[in-house]
Amino acid sequence: MADKAEQNTKEPQAGTPRILEDNSLIRQRRKKAAEIKGMGVSLFPNKFRPRDKIGDIVARYGRMDSNQLESRAEDKCSIAGRIMALRSFGKAAFVKLQDRSGSLQIHVQRDGVGQDKYQVFKKLEVGDIIGVSGPLFRTRTQELTLRAENIILITKSFRPLPEKFHGLTDVEARYRQRYLDLIMNQSTRDIFLARAAIVKTIRRRLEERGFLEVETPMMQVIPGGATARPFETYHNALGMKLYLRVAPELYLKRLIVGGMERVYELNRNFRNEGISVRHNPEFTMLEFYQAYATYEDLMVFTEELVGDCAKEVKGSLKIEYQGREIDLSPPWRNLDFRTSLLEIGGVPPDVLFDVQAALGLSRELGGVHKAGDGLGKALNKIFEVLVEPELWQPTFITGFPKEISPLSRTCDHDPDVVDRFEFFIAGRETGNGFSELNDPDDQLERFQGQQAERAAGDDEAQFMDLDYVRALEFGMPPTAGEGIGIDRLVMLLTDQPSIREVILFPLLRPEQG
RNA sequence: GGGCCGUUAACUCAGACGGUAGAGUAUCUGCCUUUUAAGCAGAGAGUCGCGUGUUCGAUCCACGCACGGCCCA
């Protein structure tokens with residue numbers, strides 16, 4: 001009997017924690033839970049062990065017709081999952097059960113599971129996690145269905161799931177409550193399955209080439225390896241300021257000095273910058289270093305590596321991103337930095353060698369410059385605004401100015417340029433590689449130059465790292481190294497416009513002011 | 001940091017150019033042993049993001065704030 005007075009009450013049911021928001025639906029679900037408990041049934045048992053995955057069942061039996069399934073009625077399946085839909089007919093019901101591999105319809109009949117279990121079952125709701133076992137059959141409409149012979153509540157759900165048709169679409173809710181997003185949206189699950197596949201492919205390819213996976217400090221006394229502002233933190237016992245790393249680069253190259261010759265790290269970096277569709281304060285980067293190689297060797301490897309990832313998750317080197325086709329087939333376009341400014345950016349030739357003209361143009365385009373900024377920084381800003389967005393098809397840019405590359409080896413026949421490339425896909429920088437600077441005296445001078453820039457007010461300039469110079473003095477074999485932004489690669493290969501869609505828990509401000 | 005847009009029931013969304021709000025789904029009650037956005041009948045559910053101001057009266061207007069989205073820096 002419905003007790004409407006009780007339905008209306010604002011009083012929480014027994015056991016409702018007051019620290020979380022409450023509503024009538026939650027109260028109703030807790031009431032049902034109490035009733036189930038009152039029947040002597042545990043709400044959170046941990047005994048049921050599913051023997052099967054729904055995906056496997058569908059793969060194995062999905063093509064069998066009614067008669068074939070009938071003849072295999074002794075093949076009992078045993079699965080566990082969450083109730084995503086429930087259609088009840090009084091003495092029978094259909095349940096849509098979802099596990100990590102897929103979903104399957106369950107038919108529960110009073111005469112199939114027995115009066116007692118059916119009484120409990122009638123109290124179950126969408127969102128509850130149950131275990132069921134029984135044979136498969138096909139319904140009148142030919143849907144593969146498990147006939148429940150046994151059914152058990154595994155976990156009671158106190159909160160209502162979003163509506164079945166529209167699901168959860170509110171972007172903020174999807175990021176904050178990613179668990180709900182994952183329950184409700186197959187497309188979200190697919191993104192993170194693809195991400196895992198991409199990371200796995202990268203590791204496999206690197207392992208095949210003899211790279212060793214290592215882990216270097218994320219908390220660093222001297223943040224180095226990239227031009228970026230670091231996060232600061234503090235170690236209480238040591239009484240010491242620490243930085244979250246902006247890159248693992250300098251540590252990985254110390255390992256090259258140490259004789260490891262081929263190393264990689266695929267992990268998080270932290271940069272204290274604004275948030276955008278391309279930037280999250282913490283992001284995942286692959287960095288790898290190979291001794292006795294040049295940046296040109298890595299360009300070839302990059303084409304292979306990115307291509308392998310595309311084949312793995314898209315099955316093709318021709319992919320579509322945000323409605324436009326991208327062809328990852330090698331060889332990729334290769335353009336000199338200055339040439340790209342002229343041909344793609346439409347920059348007047350005199351700007352390329354005239355600091356004042358370059359700074360002027362950069363400022364016109366919105367660039368902010370300090371007194372000490374030279375040609376390299378100005379041209380780089382111009383590049384970012386005029387050229388980068390145009391590089392839709394995969395493109396290597398080479399011939400970068402030395403001024404913006406303090407860790408790269410100087411080009412043998414142009415002292416203003418370094419042996420470096422960046423590659424761009426879909427108008428975004430996706431990776432950066434270079435022949436490493438292994439002349440310790442040159443490196444020391446570059447650091448000193450960075451120190452001067454820092455003194456002049458550039459808080460993105462790199463810190464002096466004397467131990468790194470000391471390591472180079474022991475001798476680092478000629479080495480090429482590269483970093484690839486994993487989040488951006490995943491965006492590309494899952495056709496996502498925002499980096500937040502490919503990060504499980506993107507950084508958001510707290511919900512309550 | 002700036003601009004634009006958004007925030008209404010658990011979810012997805014309407015809405016009134018000021019008079020304290022609706023739909024669908026979900027939920028509750030009843031019926032129903034092959035449904036699949038099940039169906040039929042009935043019912044309940046809201047601090048209209050937060051605050052201040054204007055007003056007889058604000059969810060709606062104004063200002064501020066919070067959170068989010070997109071664009072720009």
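Hydrogens, waters and symmetry mates are skipped; everything else that's a heavy atom, side chains included, is used. Reminder, nothing fancy here: chain letters follow the sequence lines and each chain counts from 1.
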A:Phe158 ring centre to A:Arg29 NZ or CZ under 6.0 Å, with the angle to the axis within 45°?
-> no

Examine the base of B:G24 for any acceptor or donor lying under 3.5 Å from a partner atom in the side chain of A:Glu163, and report the outcome as yes or no.
-> yes

Which whole number of Å gives the distance between the C1' atom of B:U8 and that of B:A14?
-> 10 Å

Closest to the A:Gln105 side chain, choosing from B:A10, B:U35, B:C13 = B:U35

Would you indicate, yes or no, if B:C70 has its OP1 or OP2 atom less than 4.0 angstrom from a side-chain nitrogen or oxygen of A:Arg500?
-> yes

For the residue pair A:Phe89 and A:Phe94, categorise the inter-ring angle as parallel (less than 30°), tilted (30 to 60°) or perpendicular (more than 60°).
-> perpendicular

Does any donor-acceptor pair link the side chain of A:Glu172 with the base of B:U7 at a separation under 3.5 Å?
-> no

Check whether any side-chain nitrogen or oxygen of A:Lys164 sits under 4.0 Å from OP1 or OP2 of B:C11, and answer yes or no.
-> no

The Watson-Crick or G-U wobble partner of B:U55, with both key distances under 3.5 Å, is none

Report which part of the nucleic acid A:Gly274 touches: base, sugar-phosphate, or nothing (heavy-atom distance under 4.0 Å, all strands).
-> nothing

How long is the line joining CZ of A:Arg27 and C1' of B:C28, in whole Å?
-> 13 Å

Nucleotide forming a Watson-Crick or wobble pair with B:A41, both distances under 3.5 Å = B:U29

Counting any heavy atom closer than 4.0 Å, what does A:Ser88 reach on the DNA or RNA strands: base, sugar-phosphate only, or nothing?
-> base

Between B:U12 (C1') and A:Asn185 (CG): distance, integer Å | 12 Å

Should A:Ser24 be listed as having a side-chain N or O under 4.0 Å from OP1 or OP2 of B:G44?
-> no

With a 3.5 Å cut-off and just heavy-atom distances, do the side chain of A:Thr139 and the base of B:U35 make a donor-acceptor pair?
-> yes

If the P atom of B:C40 is compared with that of B:G19, how far apart are they to the nearest Å?
-> 35 Å

Check every strand shown and say whether A:Leu508 touches a base, only sugar-phosphate, or nothing at a heavy-atom separation below 4.0 Å.
-> sugar-phosphate

When all nucleic acid strands are considered with a 4.0 Å heavy-atom cut-off, which category describes A:Lys32: base, sugar-phosphate, or nothing?
-> sugar-phosphate

Among B:G68, B:C70, B:A10, which nucleotide sits nearest the side chain of A:Val277?
-> B:C70

Are A:Arg87 and B:A37 close enough that a side-chain N or O sits under 4.0 Å from OP1 or OP2?
-> no

Evaluate the side chain to side chain donor-acceptor pair (under 3.5 Å) criterion for residues A:Glu501 and A:Tyr175: first the C-alpha distance (whole Å), next the side-chain angles of each, then the deciding distance (0.1 Å), finally the verdict.
-> CA-CA 8 Å; A:Glu501 292 291 346; A:Tyr175 295 160; 2.9 Å; yes

Could you state the atom-to-atom distance from CZ of A:Phe94 to P of B:U35 in whole Å?
-> 6 Å

A:His107 side chain to A:Thr139 side chain, donor-acceptor N/O pair below 3.5 angstrom | no

Integer-rounded Å distance: B:C28 C1' and A:Lys122 NZ | 14 Å

Determine the contact category for A:Arg110: base if any of its heavy atoms lies under 4.0 Å from a base atom, sugar-phosphate if only primed atoms, P, OP1 or OP2 are that close, otherwise nothing.
-> base

What integer number of Å spans the P atoms of B:A62 and B:U54?
-> 16 Å

Atom C1', compared across B:U59 and B:A16: separation rounded to whole Å | 10 Å

For B:C56 and B:G15, measure between their C1' atoms and round to the nearest Å.
-> 25 Å

Which whole-number value in Å describes the distance from A:Gln496 CD to B:G69 P?
-> 14 Å

Would you mind pulling out the nucleotide paired to B:C50, Watson-Crick or G-U wobble, both distances under 3.5 Å?
-> B:G64

For atom CG of A:Leu136 and atom C1' of B:U34, their distance in whole Å | 15 Å

Please work out if A:Arg509 contacts a base, only the sugar-phosphate, or nothing of the nucleic acid, heavy-atom cut-off 4.0 Å.
-> sugar-phosphate

Map A:Arg138 and A:Val368 onto RNA chain B by nearest heavy atom, then report which one ends up closer to the 5' terminus.
-> A:Arg138

5'-most contact on RNA chain B (nearest-nucleotide basis), A:Ala93 vs A:Phe165, goes to A:Ala93

If B:A23 has a Watson-Crick or G-U wobble mate with both distances under 3.5 Å, name it; if not, just say none.
-> B:U12

Whole-Å distance between B:A73 P and A:Glu273 CD?
-> 15 Å

Step by step, would you call A:Asp495 with A:Gln322 a side chain to side chain donor-acceptor pair (under 3.5 Å)?
-> CA-CA 6 Å; A:Asp495 195 18; A:Gln322 301 297 295; 3.0 Å; yes

Interatomic distance at P, B:G49 relative to B:A9, whole Å | 8 Å

State whether the number of non-hydrogen atoms from other residues, nucleotides or ligands found under 6.0 Å of A:Arg100 atom CZ is greater than 12.
-> no

Which is true for A:Tyr175 with a 4.0 Å heavy-atom rule: it touches a base, it touches only sugar-phosphate, or it touches nothing?
-> sugar-phosphate

Does the pair A:Asp373/A:Lys370 count as a salt bridge with the N-to-O cut at 4.0 Å?
-> no

Apply salt bridge (Lys or Arg N to Asp or Glu O under 4.0 Å) to A:Arg147 and A:Glu149, showing your working.
-> CA-CA 6 Å; A:Arg147 176 176 284 118; A:Glu149 290 180 340; over 6 Å; no

Ring-on-base stacking B:U33 with A:Phe89 (under 5.5 Å, under 30°) | no

